[in-house]
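The structure appears below as structure tokens.
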2 protein chains.
Amino acid sequence: MRDRKAEILDAAARLIARQGYKQTSIDDVIKASGLCGKSHFYHHFKSKEELGKEVLNRSFERFGERGLAILREPLIDPIERLNLFIDSIVVAQAERGCVASSPFCGVAAEMADAGEGFRTRIDAVFDRWCDQIRSLLEQSDGRLRDGVDAARIARFIIATLEGAVLMTRVTREIKVMQGIAEDLKRFIAMQLRDDAFSGPRSPSTGGGQQERGSGALAGSSAT
Amino acid sequence: MRDRKAEILDAAARLIARQGYKQTSIDDVIKASGLCGKSHFYHHFKSKEELGKEVLNRSFERFGERGLAILREPLIDPIERLNLFIDSIVVAQAERGCVASSPFCGVAAEMADAGEGFRTRIDAVFDRWCDQIRSLLEQSDGRLRDGVDAARIARFIIATLEGAVLMTRVTREIKVMQGIAEDLKRFIAMQLRDDAFSGPRSPSTGGGQQERGSGALAGSSAT
DNA sequence: TGCGACTTAGACTGGTCGGTCCTATATTGC
DNA sequence: GCAATATAGGACCGACCAGTCTAAGTCGCA
């Protein structure tokens with residue numbers, strides 16, 4: 001016996017990511033998860049709102065697992081980890097064809113408006129991400145420029161990534177997001193003291209395209 | 001007789017900004033604009049979609065007028081103008097109590113999904129904004145660091161502002177957006193060559209008259 | 001005086017949606 | 001064997017929603 005509830009959650013998460021919470025009907029979820037009738041759905045969830053909350057928890061958690069795993073990877077230079085994290089968001093968005101956005105952007109905004117319960121949940125998750133990034137930046141202590149507020153930079157990073165996801169939803173072109181991600185990495189590098197060793201160079205060779213996967217590995221470039 | 005159609009558009013724009021396009025029903029619009037029946041609404045608009053498009057045009061235009069007026073102000077240093085523009089977005093969001101977001105962020109994402117017609121419209125508007133910012137950055141020619149791609153930086157600025165608006169919708173705290181805006185200004189300053197004046201300081205004096213003399217202010221790189 | 005544009009007013013259609021209720025049949029643990 | 005739980009299938013309710021339709025009143029203008 002497979003876990004039907006998990007299947008429902010998976011289907012709902014996919015639908016919500018693609019078309020939003022309010023635009024996803026219970027009937028959609030039932031059809032997509034191969035259920036037979038509403039009673040079965042309501043056997044597992046007491047309401048659509050409960051479904052929404054569980055989807056939120058789940059997808060944020062899953063995203064967190066992947067994203068935070070990168071951020072915590074102990075063997076890689078902290079700043080490089082941040083770059084990899086940014087790349088992972090870009091790749092995830094590219095995989096979604098620039099359309100869906102869970103748990104980023106559209107869904108966050110829409111669900112935040114759909115109820116105070118949703119909003120505080122999303123707020124808390126953003127906080128956790130920011131915290132993780134902040135602590136990463138602080139691990140590179142002594143490399144941050146004087147006066148740079150790590151917590152604020154963390155917010156900035158999350159906000160810019162959110163905005164980048166939004167832009168791809170409007171333009172439907174992943175290269176827009178790639179450009180933003182590159183600039184974001186450059187911004188992060190600029191928060192480091194000049195005498196710090198690593199960091200993607202200041203823009204040197206043409207302003208154009210660069211392969212993703214990693215901006216600049218820790219040992220490679222020093223300018 | 002006042003212009004009823006304009007009243008309908010105003011009411012609809014307010015509702016859509018607050019609760020989104022799909023969540024705003026025709027009946028809501030009718031009630032908010034003091035109409036009496038649907039026939040009257042359908043006398044002015046052939047469908048909800050047409051209403052949406054006109055609201056989009058209008059609010060983007062209005063926003064454009066304000067924002068672009070700042071960007072074009074010929075008497076102020078280009079970079080300083082950009083800072084003022086950023087401030088104006090922060091102020092606008094603060095005025096809205098961090099909730100609504102027209103024409104930024106949530107509405108753009110939602111409407112972009114609501115139909116290809118909407119999407120291309122929004123895309124075009126973003127393009128125009130980015131273009132304006134790009135040309136502004138290029139006016140400060142000789143001050144930009146080598147290899148800095150003005151068009152890409154423009155996208156980055158818009159994306160970050162979008163993301164910042166989103167963050168305030170989730171956190172409901174304007175100071176988050178203020179922090180992001182400060183960092184964004186700092187980022188812009190960092191795109192300038194070291195020998196150009198730099199400094200992320202907050203601008204203070206508000207702009208005065210908005211002259212429509214768009215280009216032609218070539219002698220830009222004052223200090 | 002008559003025409004056409006605008007306004008007020010609301011009933012109605014066909015559809016969707018969240019949610020309830022009811023009836024059955026499997027499966028599982030005790 | 002029994003009871004709890006899970007699965008299946010669907011009728012139904014009240015609500016809301018986009019859009020249509022009818023009908024009548026106001027106003028400017030030719």
Side-chain angles (χ1 to χ4, degrees), chain A residues 1-58 106-107 110-119 121, chain B residues 1-57 107 110-119 121:
Chain A
M1 176 190 64
R2 301 154 316 178
D3 188 349
R4 297 302 243 150
K5 184 168 177 178
E7 281 176 19
I8 299 173
L9 281 169
D10 281 339
R14 243 172 302 139
L15 288 171
I16 290 175
R18 201 180 315 136
Q19 45 186 290
Y21 170 71
K22 287 175 210 147
Q23 294 309 303
T24 299
S25 71
I26 308 271
D27 285 328
D28 289 340
V29 174
I30 288 169
K31 206 179 298 172
S33 55
L35 295 184
C36 46
K38 285 197 174 179
S39 55
H40 191 182
F41 173 87
Y42 281 99
H43 174 72
H44 290 291
F45 300 92
K46 104 175 194 297
S47 67
K48 188 186 178 185
E49 187 172 339
E50 195 187 270
L51 171 73
K53 283 181 181 167
E54 292 206 29
V55 165
L56 217 47
N57 289 343
R58 232 171 112 90
V107 173
E110 188 217 354
M111 293 189 86
D113 285 341
E116 190 63 8
F118 288 149
R119 212 214 86 215
R121 242 184 189 74
Chain B
M1 269 299 140
R2 299 152 317 178
D3 188 348
R4 296 304 244 147
K5 184 168 178 179
E7 281 175 19
I8 297 173
L9 281 168
D10 282 338
R14 244 172 300 141
L15 287 171
I16 290 175
R18 201 180 315 135
Q19 46 186 293
Y21 170 71
K22 288 175 211 144
Q23 295 309 303
T24 299
S25 72
I26 308 271
D27 285 329
D28 289 342
V29 174
I30 289 169
K31 206 180 297 172
S33 54
L35 295 185
C36 46
K38 285 202 173 176
S39 55
H40 192 183
F41 173 86
Y42 281 99
H43 173 73
H44 290 291
F45 301 92
K46 105 176 193 298
S47 66
K48 187 186 178 184
E49 187 171 338
E50 196 188 88
L51 171 72
K53 284 180 180 167
E54 292 207 29
V55 165
L56 216 47
N57 289 343
V107 173
E110 187 218 354
M111 292 190 87
D113 286 340
E116 190 64 8
F118 288 149
R119 210 215 89 214
R121 241 183 189 74

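Proteins get letters first, then strands, A, B, ... in listed order; numbering begins at 1 in each.
Every residue two or more places apart in sequence or in another chain that forms a side chain to side chain contact (heavy atoms under 4.5 Å, CB included) with A:Ser47 is listed here: A:Glu49, A:Glu50. Not counting sequence neighbours, the partners of A:Phe41 by the ring-ring contact (aromatic ring centres under 6.0 Å, His included) test are A:Phe45. Scored by the salt bridge (Lys or Arg N to Asp or Glu O under 4.0 Å) test, B:Asp28 finds no partners at all (sequence neighbours excluded). Take A:Arg121 and apply the side chain to side chain contact (heavy atoms under 4.5 Å, CB included) test, not counting sequence neighbours, and it matches A:Lys53, A:Leu56, A:Asn57. Applying the side-chain hydrogen bond (donor to acceptor under 3.5 Å, both in side chains) criterion to A:His43, with sequence neighbours excluded, gives no partner residue.
Atom pair A:Asp27:CG and D:dG10:C1' shows a separation of 11 Å (rounding to whole Å applied). Whole-Å rounding puts the A:His43 NE2 to C:dC22 P distance at 17 Å. A:Phe45 has its CZ atom 12 Å from the P atom of D:dA6, to the nearest Å.
At the phosphate of D:dG10, neither OP1 nor OP2 sits under 4.0 Å from any side-chain N or O atom of A:His40. Between B:Ser25 and D:dC17 there is a side-chain N or O to OP1 or OP2 distance below 4.0 Å.
Heavy-atom minimum distance, B:Met111 versus B:Gly52: CE-O, 3.9 Å.
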Quick one: what's the B/S/- string for nucleotides 19-25 of chain D, heavy-atom cutoff under 4.0 Å, read 5' to 3'? BBBB---
